[in-house]
Amino acid sequence: MAEMNFGGVVEQVATRDEFPLEKAREVLKNETIAVIGYGVQGPGQALNLRDNGFNVIIGQRKGGKTWEKAIADGWVPGETLFDIEEAAEKGTIIQYLLSDAAQIEVWPRLKPYLTAGKALYFSHGFGITYKERTGIIPPADVDVILVAPKGSGTSLRRMFLEGRGLNSSYAIFQDATGRAKERVIALGIGVGSGYLFETDFKREVYSDLTGERGTLMGAIQGILLAQYEVLRENGHSPSEAFNETVEELTQSLMPLFAEKGMDWMYANCSTTAQRGALDWMGPFHDASKPVFEKLYKEVACGNEAQRSIDTNSKPDYREKLEEELKALRESEMWRTGAVVRKLRPENN
Ligand SMILES: NC(=O)c1ccc[n+]([C@@H]2O[C@H](COP(=O)([O-])OP(=O)(O)OC[C@H]3O[C@@H](n4cnc5c(N)ncnc54)[C@H](O)[C@@H]3O)[C@@H](O)[C@H]2O)c1
Ligand SMILES: CC(C)(O)[C@@H](O)C(=O)O
Ligand SMILES: [Mg+2]
Ligand SMILES: [Mg+2]
């Protein structure tokens, strides 16, 4: 573990320097990693683990779309691809990567296979933290661990293939074997993380639910749309409104502040822009902070979890989500985006 100073606060971080891939392979050499679920995180983690030389099998509902996807990715029925129960029986580490709602439904069928000494692995603190709502209460004689990649499973895989990797947080809820720590760090390195930030299940789920509802997904669409609408209502064309709201952000300015911070991005814009941004960041902060405070409270009291469980447990939840995504896709702003993306010079 390395002690690292983050803006004046010291935290523990696991690194590849002290825990290289060879060590991870040694730690897990006698384990069978059963990845249950092949949606978004399942393929990302399973393929990275396989490419990194670990012994991985997949557990999936037979016959569905993702069963076919697993076969297309090279998993072989009866050898490395099984139904959920069979994979859970064979696995010594069970990576529970069904959707959070499906984890509740499948739990009674999975639990009998969690025999002494196995490890139950999550990529979210949801099931354990909200156990009164999920009913997910693991047996006392298994390790219960978490590696939560800080990004989409699609990015986890893409960045691995680019030779980069995506960092994760990790946590231990239950150490029954005395090996929980080496198991969890080895798995984190195995799925392609370079650094692993220490957390616990509750802090992981509270921060993750806040982040995705907030700046990462919910707030970003809300604020982009608000500006786009104001520009359109004041007579600006769709392309002008989109370029000034989204395209410049993602293509020009976001990469700059990702690389060297917000002040550096500001410093690479005009003094006119800097003056205005420095003056207006305060009002935007003050307007949005109460919304973030309300959001955090809704997460911490369990309302957000319950809403997600209730809606995503319905048989037609996928169709309903797709309807809402279709409405986003077909909104003027994102139809404009589809055209603007094609006009990126590199696409010509
Ligand atoms: N999506 C991400 O990139 C991401 C990122 C970090 C953490 N996570 C966490 O990882 C876990 C998996 O998330 P995901 O987004 O990959 O899940 P997902 O929604 O893509 O679903 C995963 C799998 O669950 C299967 N499934 C759904 N309902 C089922 C049911 N009733 N019975 C059997 N199988 C069923 C699906 O077919 C799919 O193969 C969750 O805990 C999530 O919070 C996800
Ligand atoms: C990729 C995210 C948003 O970070 C993840 O938390 C999820 O739930 O998909
Ligand atoms: Mg999440
Ligand atoms: Mg997340």
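Counting starts at 1 for both ligands and their atoms, following the listed order.
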Trainee: Salt-bridge test for E182 and R179: reply yes if a basic N is under 4.0 Å from a carboxylate O, no otherwise.
Mentor: yes
Trainee: Identify, chain by chain and in numerical order, each protein residue with a heavy atom under 4.0 Å from an atom of ligand 2.
Mentor: G151, S152, D208, E212, M217
Trainee: Going by the rule side chain to side chain contact (heavy atoms under 4.5 Å, CB included), which residues pair with E89 if we only count those two or more places apart in sequence or in a different chain?
Mentor: Y113
Trainee: Less than 4.0 angstrom from a charged side-chain N to a carboxylate O is my criterion; do D51 and R157 meet it?
Mentor: yes
Trainee: For T199 and E204, test the side chains for any donor-to-acceptor distance below 3.5 angstrom and give the result as yes or no.
Mentor: no
Trainee: Which protein N, O or S atoms does the Mg ion (ligand 3) have within a distance shorter than 2.8 Å?
Mentor: D208 OD2, E212 OE1
Trainee: Would the number of heavy atoms belonging to other residues, nucleotides or ligands and lying under 6.0 Å from CZ of R109 be above 12?
Mentor: yes
Trainee: In the hydrophobic cluster built from side-chain contacts under 4.5 Å, what are the other members alongside L110?
Mentor: I36, I84, I94, Y96, L98, V106, W107, L114, L120, F122, I128, I136, V142, V144, L146, F173, F201
Trainee: Does the distance from a Lys or Arg side-chain N to an Asp or Glu carboxylate O, for K29 and E26, drop under 4.0 Å?
Mentor: yes
Trainee: Would you please indicate if the ring centroids of W334 and F242 are separated by under 6.0 Å?
Mentor: yes
Trainee: Side chains of E304 and Y296: is there a donor and an acceptor less than 3.5 Å apart?
Mentor: no
